[in-house]
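None of these values were measured; they are calculated from a predicted model.
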Amino acid sequence: MTRARQALCILSLAVVAVLGWQWLAGRFLPRPALAETNFHANRLRLEAWFLDPVPSNVIAGSSISGRLLPGYFAGTSLASIANLGLDGSGPITALDCVLMRLTNGGPVPRRVFLEVHRLDRTNDANDRLLLESAQGFSMKLAGALPAVRAASRPSTVAYAWLKEFQTGNSGGDARAVGDDRMVEGNPEWLRQISIRISALRNLGAEVVLLRLPVGRENPLDTAAPNFADGIAGQLEIRLLDMNREVSAKRLRVDYSDGLHLTPDSARAVAKALAEFWP
């Protein structure tokens with residue numbers, strides 16, 4: 001066999017293998033919501049947002065809200081939800097991703113949950129990389145060939161499958177040290193958030209400010225006015241403080257590292273959040 005025929009055979013087998021895996025993964029394997037690295041976890045969320053049908057709800061936030069997996073809302077009024085809780089990033093980048101898709105036309109979600117955690121964080125090189133990848137060639141290729149999507153990677157499918165059988169154990173020091181920051185004046189980051197919220201409202205989406213339990217960064221007094229209340233007042237926006245809600249409901253909340261919710265606690269918080277939209 002000539003080298004040209006060998007190369008053609010190898011290429012043909014590769015194409016058949018890719019198409020076969022795409023067919024198998026799409027029909028018989030669960031779609032992963034978790035990935036083995038932060039990079040691939042973000043790819044999962046970005047590809048779901050940019051390539052799947054627009055859901056009725058979307059969470060824009062950091063790795064804190066990233067723990068509220070869409071599957072945790074199954075059977076609730078928020079079952080149609082996308083999660084753009086980006087690891088190593090912040091809510092303003094997630095908002096930019098939301099607007100990036102919506103400004104190209106098409107359906108608009110009914111509401112956007114904007115996470116408070118790291119809302120005052122400025123963009124860095126990681127954020128710029130995320131925004132570039134959302135518009136880059138790899139995203140276009142994933143749209144044309146689902147087999148190359150992060151959700152189709154065998155290692156990601158295996159990782160997510162194994163995590164399904166793992167119970168979340170608490171870890172790290174989750175004792176609240178208090179968050180006594182207040183919003184002073186009209187900082188630039190708040191102005192930038194306001195611009196993006198106005199753009200979403202003009203498109204017809206409701207924006208809801210969302211505070212989640214964050215372990216050691218929780219306020220010492222859940223009832224006292226805090227950073228989230230200050231933001232809500234400045235922006236004149238509805239605030240859902242789920243840290244107060246779980247405290248009022250006396251729900252047990254555990255953290256995997258003193259900051260992020262364990263799977264069981266994330267499920268409980270997701271169910272409690274959905275109760276606001278019966």
Side-chain angles (χ1 to χ4, degrees), residues 29-35 41-42 44-87 91 94-95 97-98 101-102 106-117 151 160-161 163-168 170 200-201 203-215 218 222 228 232 237-256 260-278:
L29 298 178
R31 187 169 182 176
L34 299 167
N42 284 339
L44 281 176
R45 293 163 187 151
L46 290 172
E47 288 173 357
W49 171 247
F50 283 102
L51 302 178
D52 292 344
V54 175
S56 300
N57 307 276
V58 57
I59 299 174
S62 69
S63 61
I64 301 298
S65 57
R67 298 302 187 270
L68 302 185
L69 304 182
Y72 295 168
F73 294 92
T76 74
S77 57
L78 298 180
S80 175
I81 193 167
N83 188 311
L84 279 176
L86 302 175
D87 291 350
L95 274 185
C97 289
V98 172
R101 175 166 191 184
L102 299 185
V108 176
R110 291 181 57 189
R111 65 183 66 86
V112 176
F113 294 100
L114 176 60
E115 186 192 349
V116 172
H117 187 71
W161 183 78
K163 292 290 284 187
E164 285 291 323
F165 298 94
Q166 185 180 51
T167 58
S170 59
L200 286 169
R201 285 173 169 169
L203 289 169
E206 176 189 8
V207 182
V208 179
L209 200 60
L210 178 66
R211 179 172 192 142
L212 296 172
V214 284
N218 287 330
T222 58
I237 189 174
R238 179 181 181 182
L239 168 65
L240 279 182
D241 191 327
M242 297 309 299
N243 186 52
R244 285 177 181 150
E245 291 298 321
V246 298
S247 178
K249 293 176 179 290
R250 299 182 181 277
L251 295 178
R252 174 173 176 171
V253 178
D254 293 318
Y255 304 90
S256 61
H260 297 84
L261 293 166
T262 61
D264 288 344
S265 293
R267 287 187 183 91
V269 172
K271 298 296 184 184
L273 174 60
E275 290 176 1
F276 285 92
W277 286 270

Any idea which heavy atoms bring [X] and [Y] closest together, and the distance?
X: Ala41; Y: Ala35; result: N-CB, 3.4 Å
X: Ala270; Y: Leu68; result: N-CD2, 4.3 Å
X: Leu78; Y: Ala274; result: CD1-CA, 3.7 Å
X: Pro91; Y: Leu114; result: CB-CD1, 3.7 Å

field: Evaluation steps, side chain to side chain contact (heavy atoms under 4.5 Å, CB included), between Ile237 and Glu206
entry: CA-CA 10 Å; Ile237 189 174; Glu206 176 189 8; over 6 Å; no
Does [X] reach the main-chain N or O of [Y] with its side chain, forming a donor-acceptor pair under 3.5 Å?
X: Arg45; Y: Gly66; answer: yes
X: Ser80; Y: Ser56; answer: yes
X: Glu115; Y: Ala60; answer: no
X: Asn83; Y: Ser65; answer: yes
X: Asn42; Y: Asp87; answer: yes

task: Apply the test side chain to side chain contact (heavy atoms under 4.5 Å, CB included) to residues Val269 and Leu261: give CA-CA distance (whole Å), side-chain angles for both, the deciding distance (0.1 Å), then the verdict.
output: CA-CA 9 Å; Val269 172; Leu261 293 166; 4.1 Å; yes
task: Return the set of residues passing side chain to side chain contact (heavy atoms under 4.5 Å, CB included) with Ala228 (not counting sequence neighbours), or none when no residue passes.
output: Val116, Arg211, Asn226, Leu239
task: With sequence neighbours excluded, tell me which residues meet side chain to side chain contact (heavy atoms under 4.5 Å, CB included) with Ala82.
output: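 For Ala82 the side chain to side chain contact (heavy atoms under 4.5 Å, CB included) partners, ignoring immediate neighbours, are Trp49, Pro55, Val58.
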Measuring from atom [atom1] of [X] to atom [atom2] of [Y], what distance do you get when rounded to the nearest 0.5 angstrom?
X: Ser265; Y: Leu251; atom1: OG; atom2: CG; result: 9.0 Å
X: Glu275; Y: Thr76; atom1: CD; atom2: OG1; result: 9.5 Å
X: Leu212; Y: Met242; atom1: CG; atom2: CE; result: 7.5 Å
X: Asp254; Y: Thr262; atom1: CG; atom2: OG1; result: 5.0 Å
X: Leu84; Y: Leu95; atom1: CG; atom2: CG; result: 9.5 Å
X: Leu273; Y: Phe113; atom1: CG; atom2: CZ; result: 5.0 Å

Taking side chain to side chain donor-acceptor pair (under 3.5 Å) as the definition, give me every residue that meets it alongside [X], ordered by chain and number, with sequence neighbours left out.
X: Lys271; result: none
X: Arg67; result: none
X: Arg111; result: Asn57
X: His260; result: Ser63, Asp257

Carboxylate-amine/guanidinium proximity below 4.0 Å for Arg252 and Asp264: no
- request: Please assess Val112 against Ile59 for the test side chain to side chain contact (heavy atoms under 4.5 Å, CB included), listing each intermediate value before the final yes or no.
  value: CA-CA 6 Å; Val112 176; Ile59 299 174; over 6 Å; no
field: Step-by-step side chain to side chain contact (heavy atoms under 4.5 Å, CB included) determination, Val214 to Asn243
entry: CA-CA 8 Å; Val214 284; Asn243 186 52; over 6 Å; no
field: Qualifying residues under salt bridge (charged side-chain N to carboxylate O under 4.0 Å, His left out), relative to Glu47, sequence neighbours excluded
entry: Arg43, Arg149
- prompt: More than 12 heavy atoms of other residues, nucleotides or ligands under 6.0 Å from CZ of Arg110: is that the case?
  reply: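 No, the 6.0 Å shell around CZ holds no more than 12 heavy atoms from other groups.
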field: Minimum side-chain heavy-atom gap Arg238-Phe276 below 4.5 Å
entry: yes
task: Decide yes or no on side chain to side chain donor-acceptor pair (under 3.5 Å) for Tyr255 and Asn218, but give the supporting numbers first.
output: CA-CA 12 Å; Tyr255 304 90; Asn218 287 330; 3.1 Å; yes
